[in-house]
J.: 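First, the structure itself, so that you have it in front of you.
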2 protein chains.
Amino acid sequence: MAKKDKDIITSSTEEKILEAARVVFTKKGFAGTRTRDIAELSGINLALLNYYFRSKEKLFKVVMIEKMQKLFGVISPALNDANTTLEQKVTLIVNLYADMLIKNPDLPIFVLRELNLNSEAFGSGFHPHKMLSDSFFVKQLKEKRPDENPLQFLISILGMIIFPFIAKPIFKKAIGSEKAFEIIINERRALIPKWVSAMLRTK
Amino acid sequence: MAKKDKDIITSSTEEKILEAARVVFTKKGFAGTRTRDIAELSGINLALLNYYFRSKEKLFKVVMIEKMQKLFGVISPALNDANTTLEQKVTLIVNLYADMLIKNPDLPIFVLRELNLNSEAFGSGFHPHKMLSDSFFVKQLKEKRPDENPLQFLISILGMIIFPFIAKPIFKKAIGSEKAFEIIINERRALIPKWVSAMLRTK
DNA sequence: ATTATTTTTAATCATTTGTTTAAATAAATT
DNA sequence: AATTTATTTAAACAAATGATTAAAAATAAT
């Protein structure tokens, strides 16, 4: 075969398509995206999309897997660190998410939008619920509060940090600018750990 | 004019279209919905959709306004009740949402999905952030905790109750059945008010 | 240098999709 | 009953869209 240093030669156009696909799919969703938008943004010929990725759906799946790993993978190391307390883990999780979501504010709505639209289409490989349920963090939650379902705390913690990014169109008008939104998020780095500690103490 | 008891005669087919539109738009989103799906589900001729609602977009807006009012309107009375304490209001809000969302579990993801996709297209009429910010509830929050932005509590309370419905595809696998999901939600009716009280006490 | 292979391009296809049209039917008005 | 108005239907339109094709250009192998 001629020209097959796949990772050097072809990665250029392939990566150009992927980069544009990330942007357009994230902004418009799978159904709202036209392959022509991706081609145009990446500056490549429309046919190349199918040449490299076979179909719109296959290209989308590549992006979707990436995004899911980004959204749920950030906290993976923090969840299973054997050398931190429950409270330290909460602080770490909140800050890891704050850092990442300020840089990728539309990541949560993208992933959850497509997961809700598509229920079953992404069974391939990645299981965030296992990552969470089997974690050392959940074990510590069980020890601290054997009387409560640890999932209840997990849902609340993730909700408090992720929800503002999903509900942004509502709160943004009450908040004002994008800068003001970031200030709110940054305040939550300290607030949420404090709140969670208080929640864990309630009887 | 002949035949123009609009609320009696035409409401039948018009309402049939609307009912189907609610179902299909909610399930597939605006971009993922085909007008033919709505026509088929409602059992009417395709052309009637444009006859009654002019366009897919206009029909969608009717549904969207409805859904936004449903999502943000439920708690409107509770927010401005002058005869309840802050803690009582939290309990009321949580229960009003639990009742409504168990019956309409895909309402939050629908509204927030479309608001995020469409940023500006729904400036018409309904302003949830005003309803929240100008409420008696927020005034009470300010009195109780003048040191904190009341929005921080508001975001957390709404996040804790609404987020599980948005993140359901993730947690559902960890939870199991639909019944188990409802049990989790019902437990939160008591948990969240207790948690919020603890949060309000933190210094 | 010649040949084979990979990549890119422009044009086109076949469907899908929102909307319209013109005729038919039903209902109301006179 | 005759006429006008409103509703419904089947068919079709025009534009959009995901995908393919066949030829050209670029690159690699011999």
Side-chain angles (χ1 to χ4, degrees), chain A residues 1-64 114 117-118 121-122, chain B residues 1-65 113-114 117-118 121-122:
Chain A
M1 42 181 145
K3 192 185 192 190
K4 210 46 193 289
D5 267 39
K6 227 192 174 236
D7 297 319
I8 298 165
I9 311 290
T10 68
S11 73
S12 179
T13 43
E14 202 175 317
E15 189 53 40
K16 265 193 275 180
I17 296 170
L18 255 175
E19 273 169 40
R22 287 186 197 107
V23 173
V24 183
F25 278 138
T26 299
K27 189 162 146 195
K28 308 215 182 188
F30 176 78
T33 293
R34 291 166 301 175
T35 52
R36 278 165 176 81
D37 293 337
I38 297 173
E40 202 180 335
L41 181 62
S42 57
I44 57 106
N45 186 284
L46 177 59
L48 287 178
L49 193 149
N50 294 80
Y51 179 75
Y52 282 102
F53 295 94
R54 305 287 299 168
S55 71
K56 178 190 179 187
E57 205 173 293
K58 291 223 173 69
L59 173 57
F60 178 78
K61 276 187 183 168
V62 173
V63 173
M64 184 67 182
E114 301 301 329
L117 286 172
N118 222 329
F122 306 103
Chain B
M1 43 181 147
K3 192 185 192 191
K4 211 43 193 289
D5 267 39
K6 221 181 179 249
D7 295 320
I8 297 165
I9 312 289
T10 68
S11 74
S12 179
T13 43
E14 202 175 317
E15 189 53 39
K16 264 192 276 180
I17 296 170
L18 254 176
E19 273 169 40
R22 288 187 195 107
V23 173
V24 182
F25 278 138
T26 300
K27 190 162 146 196
K28 308 213 181 190
F30 177 76
T33 293
R34 292 164 301 177
T35 52
R36 279 164 177 81
D37 292 338
I38 297 173
E40 202 180 335
L41 182 63
S42 57
I44 56 106
N45 185 284
L46 176 60
L48 287 179
L49 193 149
N50 294 78
Y51 180 76
Y52 282 102
F53 294 94
R54 305 287 300 167
S55 71
K56 179 190 177 186
E57 203 172 294
K58 291 223 174 70
L59 173 57
F60 178 79
K61 276 188 183 168
V62 173
V63 174
M64 184 67 183
I65 301 280
R113 179 212 296 151
E114 302 299 331
L117 285 171
N118 221 330
F122 306 104

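Numbers restart at 1 for each chain; the letters A, B, ... are given by sequence-line order, proteins then strands. Keep in mind the model is a prediction, meaning the values are calculated, not measured.
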J.: Determine, for B/Arg22 against B/Glu15, whether the closest basic-nitrogen to carboxylate-oxygen distance falls under 4.0 angstrom.
T.: yes
J.: Before giving the answer on side-chain contact (heavy atoms from CB on, under 4.5 Å), spell out for A/Ile38 and A/Val23 the whole-Å C-alpha distance, their side-chain angles and the decisive distance to 0.1 Å.
T.: CA-CA 8 Å; A/Ile38 297 173; A/Val23 173; over 6 Å; no
J.: Give the intermediate values and the outcome of side-chain contact (heavy atoms from CB on, under 4.5 Å) for residues A/Tyr52 and A/Leu18.
T.: CA-CA 10 Å; A/Tyr52 282 102; A/Leu18 255 175; over 6 Å; no
J.: Output a table of nitrogen or oxygen pairs between the protein and nucleotides 17-21 of chain D separated by less than 3.5 Å.
T.:
{"from": "D/dT17", "atom 1": "OP1", "to": "A/Arg34", "atom 2": "NE", "distance (Å)": "3.2"}
{"from": "D/dT17", "atom 1": "OP1", "to": "A/Arg34", "atom 2": "NH1", "distance (Å)": "3.3"}
{"from": "D/dT17", "atom 1": "OP2", "to": "A/Arg34", "atom 2": "NH1", "distance (Å)": "2.7"}
{"from": "D/dG18", "atom 1": "OP1", "to": "A/Thr33", "atom 2": "O", "distance (Å)": "3.2"}
{"from": "D/dG18", "atom 1": "OP1", "to": "A/Lys56", "atom 2": "NZ", "distance (Å)": "3.2"}
{"from": "D/dG18", "atom 1": "OP2", "to": "A/Thr35", "atom 2": "N", "distance (Å)": "2.8"}
{"from": "D/dG18", "atom 1": "OP2", "to": "A/Thr35", "atom 2": "OG1", "distance (Å)": "2.8"}
{"from": "D/dG18", "atom 1": "N7", "to": "A/Arg36", "atom 2": "NH1", "distance (Å)": "2.8"}
{"from": "D/dG18", "atom 1": "O6", "to": "A/Arg36", "atom 2": "NH2", "distance (Å)": "3.2"}
{"from": "D/dA19", "atom 1": "OP2", "to": "A/Lys56", "atom 2": "N", "distance (Å)": "2.8"}

J.: Look at the rings of A/Phe25 and A/Phe60 and say which category their plane angle falls in: under 30° parallel, 30 to 60° tilted, over 60° perpendicular.
T.: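 Because their plane-to-plane angle is over 60°, the rings of A/Phe25 and A/Phe60 count as perpendicular.
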J.: Assess whether side-chain contact (heavy atoms from CB on, under 4.5 Å) is satisfied between A/Leu117 and A/Phe30, documenting all intermediate values.
T.: CA-CA 10 Å; A/Leu117 286 172; A/Phe30 176 78; over 6 Å; no
J.: Can you tell me how far P of D/dT8 sits from CD1 of B/Ile44, to the nearest Å?
T.: 9 Å
J.: Measure the distance from CG on A/Leu48 to P on D/dA25 and round it to the nearest whole Å.
T.: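 Distance, rounded to whole Å: 16 Å.
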J.: In whole angstrom, what separates A/Glu40's CD from C/dT9's C1'?
T.: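 In whole Å, C/dT9 C1' lies 16 Å from A/Glu40 CD.
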J.: Could you tell me the separation between the CZ atom of B/Arg36 and the CG atom of B/Leu41, rounded to the nearest 0.5 Å?
T.: 15.5 Å
J.: Starting at atom CZ of B/Phe53, determine the distance to atom P of C/dG18, rounded to an integer number of angstrom.
T.: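 For the pair B/Phe53 CZ and C/dG18 P, the rounded distance is 16 Å.
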J.: Using atom OH of A/Tyr52 as one end and atom P of C/dT6 as the other, report the distance to the nearest whole Å.
T.: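 In whole Å, C/dT6 P and A/Tyr52 OH are 12 Å from each other.
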